[in-house]
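Everything below concerns the one structure shown next.
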Amino acid sequence: MNVGVIGGGAAGLAAAYELIKQGHQATVFERAPFLGGQASTFDVGGARLERGYHHLFVSDVDMVALMSELGLGPRLAWISSKVGLYHGGRIWNFVTPLDLLRFRGIGLLDRLRLGAVTLLLNREKDWRRLEPYTAAGWLPARVGQAAYRAVWEPLLRGKFGERYDQVGMTWFWGKIALRFASRGRGMAKEKLGYPMGSFGEIFDTLGEFIRSKGGRVYTSAAVRRVVVEEGRAVGLEVELPGQGVTVEPFDAVVATVPSYIFPRLVPTLPKTYEEKLAGVTYLAAVLVILELKQPISQIYWLNIADRSIPFVAVIGHTNFVGPEHYGGKHLVYLSNYLGRENPMYFMKHQELLDAYLPHLQKLNPQFSLSWIENSHYHREDAAQPVVGVNYSRQIPEHHTPIRNLYLANTTQVYPEDRGTNYSVRLGRKVARILLKDYGFPVSGELPKPAIPSSVTVQMES
Ligand SMILES: Cc1cc2nc3c(=O)[nH]c(=O)nc-3n(C[C@H](O)[C@H](O)[C@H](O)COP(=O)(O)OP(=O)(O)OC[C@H]3O[C@@H](n4cnc5c(N)ncnc54)[C@H](O)[C@@H]3O)c2cc1C
């Protein structure tokens, strides 16, 4: 088969990789001048850094398997994570479960309830039971308002900004289940993974593999339209660098673009499917990245539980992967997840710096503007689908109503949180579904997922 793949992020490259491994041909078209999509990198201090902070969990078995298949296994480092919470004017460590007991931002009884409910959630195996509830409704009823406001609401706001109160309880459950899986037996310190050449190295290696087997990978190549004839996808209209607009015939097409882009590429998409796509909203990640002479704190992942501070998380990347890898620079992301109704979504780099920087002294009174050597701005529009209640009913099918046309995007990841691991899984899975549809044999198995009951795995397989 000869398959056209729209998008050169984790899902698109994994789909092409799987098709080629199974003995078929694939061509990837990526609109941006680089591969990797949301997990792409730029250069800082002589090394590559993700535009948005990235790490792996121990439960990310698909990414670990892929790295090993590509010969990148030795590049994967597992590093103890340092998580913290800014609450009541100071930073609290949340590295080990004992830190919860030491957290005096709430009373002892509240801390014990918080610990007990976390353990209960981890033992819950049937996520469908939690589907009708929002996390903002379910959690405070179990742990009390004080504990919820101090610890879990900031976590939800850190991922969903102002839409935190719409998030389904199943999403929260998935987060707890995967974080426990990352701790292993005995509740040891959590380890997080990082590919020491950056996530960009994985995508470039995938691209090289595809090309080495006769596939094609184009960057700066925007797909303008899926060519549909008699209800079947038969090709792609693409703007290729230096060649203008051309139409390329394909036996089938896999699209990995966000749900709001997909209908623009397929104007004949039936209304019912289009409505399903429109049913899920995305939040944008707005990121300011600082290159500093010294660290602001020793914490890698700091949730901010103080609404007077205009960002929701501070990710000290070089408290995870040391500054020696980035020419001695200390790298910090100031993060927000925003809808388009939020004025900060439209703010320019300098405006955000003006709004954010005065607050850094709250986190570290010694902080001075003279520590800043450089800064960067990045916005990712399709960063986070808002995973609401009864979300499993909203997930669009991989088989679109157009024959030979398949969709694999982050709105189809559930109940886990979206991530590179699940995009790799989606891409490989959709490639296998496609081949089976055409009656081709498919060899090998995908790794067993960390949450065995996941929709990501069971849907349509
Ligand atoms: C701030 C942030 C932090 C994150 N942190 C983590 C983390 O710690 N760990 C983790 O595993 N994951 C993390 N993620 C999530 C992870 O990056 C994504 O889930 C994953 O990369 C999505 O891959 P994808 O291929 O499904 O989608 P995308 O990466 O969005 O790829 C889709 C591609 O399609 C391209 N495209 C769009 N339209 C067209 C067109 N018309 N023609 C051709 N190409 C087109 C886009 O340019 C894009 O490259 C994070 C994401 C963000 C934003």
Side-chain angles (χ1 to χ4, degrees), residues 4-17 27-41 50-57 59-60 62-64 66-67 81 158-159 161 178 182 192-195 199-200 202-203 206 217-226 236-241 253-266 282-289 300-301 312-313 315 317 320 333-338 378-385 407-413 416-428 430 456:
V5 178
I6 315 175
L13 290 167
Y17 170 77
T27 304
V28 178
F29 299 102
E30 167 54 51
R31 178 176 68 174
F34 43 78
L35 295 176
Q38 296 182 42
S40 60
T41 57
E50 291 69 31
R51 289 183 166 78
Y53 42 85
H54 271 74
H55 57 248
L56 293 173
F57 293 107
S59 49
D60 286 342
D62 294 270
M63 203 57 168
V64 173
L66 177 69
M67 285 187 70
S81 81
K159 282 309 286 272
L178 292 176
S182 273
L192 297 177
Y194 190 75
F199 279 73
I202 305 174
F203 302 121
L206 272 172
V217 179
Y218 292 102
T219 50
S220 303
V223 170
R224 290 168 40 138
R225 189 168 62 92
V226 177
L236 292 174
E237 184 183 289
V238 194
E239 213 171 329
L240 287 178
V253 170
V254 175
T256 67
V257 299
S259 289
Y260 58 86
I261 292 184
F262 189 56
R264 294 181 212 157
L265 305 181
V266 197
Y282 287 88
L283 293 176
V286 172
L287 301 155
V288 169
I289 305 159
Y300 166 54
W301 190 287
V312 290
I315 289 90
H317 178 78
F320 177 46
Y333 297 86
L334 305 178
S335 160
N336 258 318
Y337 281 89
L338 303 169
H378 180 63
R379 191 179 79 199
E380 170 53 52
D381 275 350
Q384 180 71 54
L407 180 70
N409 74 20
T410 56
T411 66
Q412 296 162 320
V413 176
E416 306 93 338
D417 191 19
R418 59 82 177 112
T420 51
N421 181 72
Y422 300 101
S423 288
V424 164
R425 187 171 192 88
L426 277 183
R428 296 186 79 165
V430 168
T456 320

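Atoms within each ligand, like the ligands themselves, are counted from 1 in listed order. Quick note: residue numbers are just sequence positions, from 1. Only heavy atoms go into these numbers, but all of them, side chains included; no hydrogens, no water, no symmetry mates.
In the vicinity of Arg418, heavy-atom distances shorter than 4.0 Å reach the ligand 1 atoms 14 (N), 15 (C), 19 (O), 50 (C), 51 (C), 52 (C). Taking a cut-off of under 4.0 Å to the non-hydrogen atoms of Ala221, the atoms of ligand 1 that pass are 43 (C). Proximity to Ala222 (heavy-atom distance under 4.0 Å) selects the following atoms of ligand 1: 42 (N).
At a heavy-atom cutoff of 4.0 Å, ligand 1 is contacted by both the backbone and the side chain of Tyr53. If you look at Gln38 next to ligand 1, the close heavy atoms, those under 4.0 Å, come from the backbone and the side chain alike.
At least one N/O-N/O distance between Glu30 and ligand 1 falls below 3.5 Å. Looking at ligand 1, you'll find an N or O of Ala11 within less than 3.5 Å of one of its N or O atoms. Between His54 and ligand 1, at least one N/O pair is under 3.5 Å apart. In terms of N/O distances under 3.5 Å, ligand 1 is approached by Ala10. In terms of polar-atom proximity, defined here as any N/O pair under 3.5 Å, Val223 does make such a contact with ligand 1. Looking at Thr410 next to ligand 1, no N or O pair under 3.5 Å apart turns up. For a threshold of 3.5 Å applied to N or O pairs, the pair formed by Arg31 and ligand 1 contains at least one separation below that value.
Nearest to atom 32 (C) of ligand 1 among the protein's heavy atoms is Thr256 O, 3.6 Å. For atom 38 (N) of ligand 1, the closest non-hydrogen atom of the protein is Val257 CG1, 3.5 Å.
Between Glu239 atom CD and Phe29 atom CZ the span is 12.5 Å, to the nearest 0.5 Å. Rounding to the nearest 0.5 Å places CG of Leu334 at 9.0 Å from CG of Leu287. The CG atom of Leu35 sits 12.5 Å away from atom CD1 of Ile202, with the distance rounded to the nearest 0.5 Å.
Although no hydrogens or angles enter the test, the distance criterion places no donor-acceptor pair under 3.5 Å between the side chain of Arg418 and the main chain of Asn409. Side chain of Arg224 to main chain of Val238: no donor-acceptor pair is present (N/O by atom type, distance under 3.5 Å, no hydrogens or angles).
Between Trp301 and Tyr53, the ring center distance clears the sub-6.0 Å criterion. Checked against the 6.0 Å centroid criterion, the rings of Tyr333 and His378 do not qualify as a close aromatic pair.
Paired with Val253 under the rule side chain to side chain contact (heavy atoms under 4.5 Å, CB included), one option of Leu236, Leu265, Val266, Val5 passes, and it is Leu236.
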